[in-house]
Every structure is written in structure tokens, then in C-alpha cells.
Asks: 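Pasting in a structure now, in C-alpha cells, and then I'll have a few things to ask.
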Amino acid sequence: MDSRLSAPATQRNREPILAVLGRVLPARGAVLEIASGTGEHAVFFAEQLPGLDFQPSDPDPAHRASIAAWMAAARVANLRAPLDLDTTAADWEASAGVASELAAILCINMIHIAPWRAAQGLLRGAAGALGRGRVLYLYGPFHRGGEPTAASNQAFDRSLRSQNPEWGVRDLEVLVAAADAVGFALEEIVEMPANNLSVILRRRAGA
């Protein structure tokens with residue numbers, strides 16, 4: 001039985017995301033991906049950025065099975081077995097075998113499909129796991145100035161909240177303020193296809 005799952009959005013956004021990652025990630029090191037979902041991004045990035053070691057993770061057993069299946073099919077040497085990580089858990093970065101010297105952390109399309117405490121936990125744990133100058137990369141839809149950036153994002157936000165009141169498109173300024181509070185500086189915002197954003201946060205010196 002093939003456990004591989006597929007998300008159509010992955011095929012559409014992986015090249016634009018790769019273009020940003022190619023600029024902001026170092027050439028070498030371990031990269032942790034939070035909420036890897038199907039695993040398609042992790043496999044693709046590992047194939048395209050062979051100098052980096054990619055560590056996928058996901059709290060959903062079906063997703064971890066899919067990641068493992070994609071790994072087995074791709075046979076990519078710089079891709080590790082998926083971890084069971086939940087950013088709402090206290091000290092998740094220390095308790096789940098995360099590499100102590102991470103070059104970066106990636107989180108793609110999670111923050112809006114999870115409670116706000118998951119985003120808070122992500123920021124808090126990333127601050128503990130990343131050294132000075134290391135990157136936390138976020139991707140997804142965001143409101144700006146408390147307002148939707150497009151009608152499609154507004155409709156998406158309504159749809160998410162109808163499924164779960166704790167979900168929803170987040171306000172970028174609120175997220176950046178929360179990141180600043182735990183030691184991250186906003187380095188860059190990149191406009192992406194389909195009204196999404198790449199948000200590059202970098203761990204401050206002395207934070």
C-alpha cells in the first residue's frame with residue numbers, strides 16, 4: 001500500500017519558495033521543517049539543495065507515513081526520517097531529538113491551519129533552537145494592517161474559521177511583534193504567487 005499523500009498547492013508553490021530559500025539559507029547545515037504535511041516539499045528541497053540536511057516533522061501519523069513513503073521513493077541522501085513534533089507542546093525543540101546546531105527552520109502553510117498557540121509555540125521553540133543569525137522562514141497567506149490583502153484571502157479566512165474557530169489567516173504585524181518579543185528581527189517580506197508571503201525572520205544577536 002502506497003502511503004504517499006499529495007497536495008496540489010505543493011506543485012504550484014515549490015519553485016517560488018525554492019527561489020527564496022536559495023537566497024536566504026546557508027550552503028551547509030541542518031534545516032528543520034515544521035508541519036511538513038505530505039512530505040513533498042521536504043523531498044523537493046532536499047533534491048534541489050544537496051548541501052543541506054533536511055529534517056521533516058509533523059504531529060499527524062498519516063503525514064509522517066506519507067513523508068516516509070516519499071523519502072523511500074525518492075531515495076534522497078540528505079533527508080532524515082520524520083519527527084513527531086507539535087509546536088503547542090512545551091519545549092518541543094528539546095524533547096524530540098532536534099539537532100542542536102540548526103542552520104534554519106522552515107514552516108510552510110501551518111500558521112493559518114492551526115490555533116494561534118501553535119504559532120506562538122513555533123516562535124518560542126525556534127528562538128531556543130536557532131543560534132544568532134539563523135533564519136526562521138514562514139510561508140502562507142497573511143492579513144496586513146488588520147485587513148485582507150485580497151478577496152481570495154478574505155474568503156479563505158472565512159472558510160478556515162467555519163471549520164475551526166481557532167484557525168484563520170493571521171495578521172502579519174501581530175506575528176512579527178510576537179517574533180520580535182522572543183528575539184527575531186524581520187529581515188524581509190517577499191510577495192509570492194496566489195497572494196501568499198514569504199516572511200524571513202533572523203535570530204538577533206544577544207537575544
Asks: If you take all heavy atoms of P141 and N109, which pair is closest and at what distance?
Replies: CD-OD1, 4.0 Å
Asks: Report the residues that fulfil salt bridge (Lys or Arg N to Asp or Glu O under 4.0 Å) with E15, sequence neighbours left out, ordered by chain and then residue number.
Replies: none
Asks: So do I67 and E33 actually touch side chain to side chain, heavy atoms under 4.5 Å?
Replies: no
Asks: Any donor-acceptor pair under 3.5 Å linking the side chain of W70 with the backbone of V43?
Replies: no
Asks: I need the minimum non-hydrogen distance between S198 and Y137, along with the two atoms involved.
Replies: OG-OH, 2.5 Å
Asks: Enter the distance from E40:CD to S6:OG here, rounded to the nearest 0.5 Å.
Replies: 4.0 Å
Asks: Check for a donor-acceptor pair, side chain of N78 on one end and backbone N or O of A46 on the other, with a separation under 3.5 Å.
Replies: yes
Asks: Any link between I108 and V199 through a network of hydrophobic side chains (Ile, Leu, Val, Met, Phe, Trp, Tyr) touching at under 4.5 Å?
Replies: no
Asks: Taking the cut-offs as 6.0 angstrom to the six-membered ring centre and 45 degrees off its axis, would you call R80 and F54 a cation-pi pair?
Replies: no
Asks: Evaluate the side chain to side chain contact (heavy atoms under 4.5 Å, CB included) criterion for residues V174 and W116: first the C-alpha distance (whole Å), next the side-chain angles of each, then the deciding distance (0.1 Å), finally the verdict.
Replies: CA-CA 11 Å; V174 173; W116 175 240; 4.0 Å; yes
Asks: Side chain to side chain contact (heavy atoms under 4.5 Å, CB included), that's the test. Do I200 and V20 meet it? Break it down for me.
Replies: CA-CA 9 Å; I200 296 93; V20 178; 3.9 Å; yes
Asks: If the condition is salt bridge (Lys or Arg N to Asp or Glu O under 4.0 Å), which residues does R12 pass it with, not counting sequence neighbours?
Replies: none
Asks: Can you tell me how far CG of L186 sits from CG of L172, rounded to the nearest 0.5 angstrom?
Replies: 7.0 Å
Asks: Under the salt bridge (Lys or Arg N to Asp or Glu O under 4.0 Å) test, which residues partner E191, sequence neighbours left out?
Replies: R144
Asks: Is a side-chain N or O of Q55 found less than 3.5 angstrom from the main chain of A81, in a donor-acceptor match?
Replies: yes
Asks: Specify the closest pair of heavy atoms between L197 and M192, including all atoms of both residues, with the distance to one decimal.
Replies: C-CG, 3.8 Å
Asks: Let me know which of L25, I17, L136, V135 forms a side-chain contact (heavy atoms from CB on, under 4.5 Å) with L106.
Replies: L25
Asks: Find out whether Q48 and R14 are in side-chain contact, i.e. whether some heavy atom of one side chain is under 4.5 Å from a heavy atom of the other.
Replies: no
Asks: Between the side chain of S57 and the main-chain N/O of D84, is any donor-acceptor distance below 3.5 Å?
Replies: no
Asks: Restricting to non-hydrogen atoms, name the atom on L102 and the atom on A129 that form the minimum distance, rounded to 0.1 Å.
Replies: CD1-CB, 4.0 Å
Asks: Please round to the nearest 0.5 Å and tell me the distance separating atom CD of Q11 and atom NE2 of H41.
Replies: 8.5 Å
Asks: Hey, quick one: are I105 and L52 part of the same hydrophobic cluster, counting side-chain heavy atoms closer than 4.5 Å, chains of contacts allowed?
Replies: no
Asks: Hydrophobic cluster membership, with links at side-chain heavy-atom distances under 4.5 Å among I/L/V/M/F/W/Y: are I34 and V176 in one?
Replies: yes
Asks: Which is it for F142 and I189 under the side chain to side chain contact (heavy atoms under 4.5 Å, CB included) test, yes or no, and what are the steps along the way?
Replies: CA-CA 11 Å; F142 292 92; I189 299 169; over 6 Å; no
Asks: Restricting to non-hydrogen atoms, name the atom on R203 and the atom on F184 that form the minimum distance, rounded to 0.1 Å.
Replies: N-CD2, 3.6 Å
Asks: Measure the CZ-CD distance between R134 and E101 for me, rounded to the nearest 0.5 Å.
Replies: 7.0 Å
Asks: Any donor and acceptor pair, going by atom type alone, linking the side chain of T87 with main-chain N or O of A118 inside 3.5 Å?
Replies: yes
Asks: So, the side chain of R124 versus the backbone of L122: is there a donor-acceptor pair under 3.5 Å, distance only?
Replies: no
Asks: So L85 and L32, do their side chains get closer than 4.5 Å, heavy atoms only?
Replies: yes
Asks: Taking all atoms of both residues into account, what is the closest heavy-atom pair of D86 and T88, and its distance?
Replies: OD1-OG1, 2.7 Å
Asks: Is M110 linked to I113 within one hydrophobic cluster, defined over Ile, Leu, Val, Met, Phe, Trp and Tyr using a side-chain heavy-atom separation of less than 4.5 Å?
Replies: no
Asks: Rounded to the nearest 0.5 Å, how far apart are CG of D180 and CG of L201?
Replies: 9.5 Å
Asks: Taking C-beta and beyond as the side chain, do H63 and P82 meet within less than 4.5 Å on heavy atoms?
Replies: no
Asks: Main chain of P56, side chain of S36: is a donor-acceptor contact present, judged purely on distance under 3.5 Å?
Replies: no
Asks: What about L130 and V24, same hydrophobic cluster or not, with Ile/Leu/Val/Met/Phe/Trp/Tyr joined at side-chain heavy-atom distances under 4.5 Å?
Replies: no
Asks: Is any side-chain heavy atom of I111 less than 4.5 Å from a side-chain heavy atom of L138?
Replies: yes
Asks: Has D157 got a side-chain atom pairing as donor or acceptor with G168's backbone, closer than 3.5 angstrom?
Replies: no
Asks: Can you tell me how far apart CZ (R202) and CZ (R132) are? Round to the nearest 0.5 Å.
Replies: 11.5 Å
Asks: Before giving the answer on side chain to side chain contact (heavy atoms under 4.5 Å, CB included), spell out for L175 and L123 the whole-Å C-alpha distance, their side-chain angles and the decisive distance to 0.1 Å.
Replies: CA-CA 9 Å; L175 178 75; L123 295 172; 4.1 Å; yes
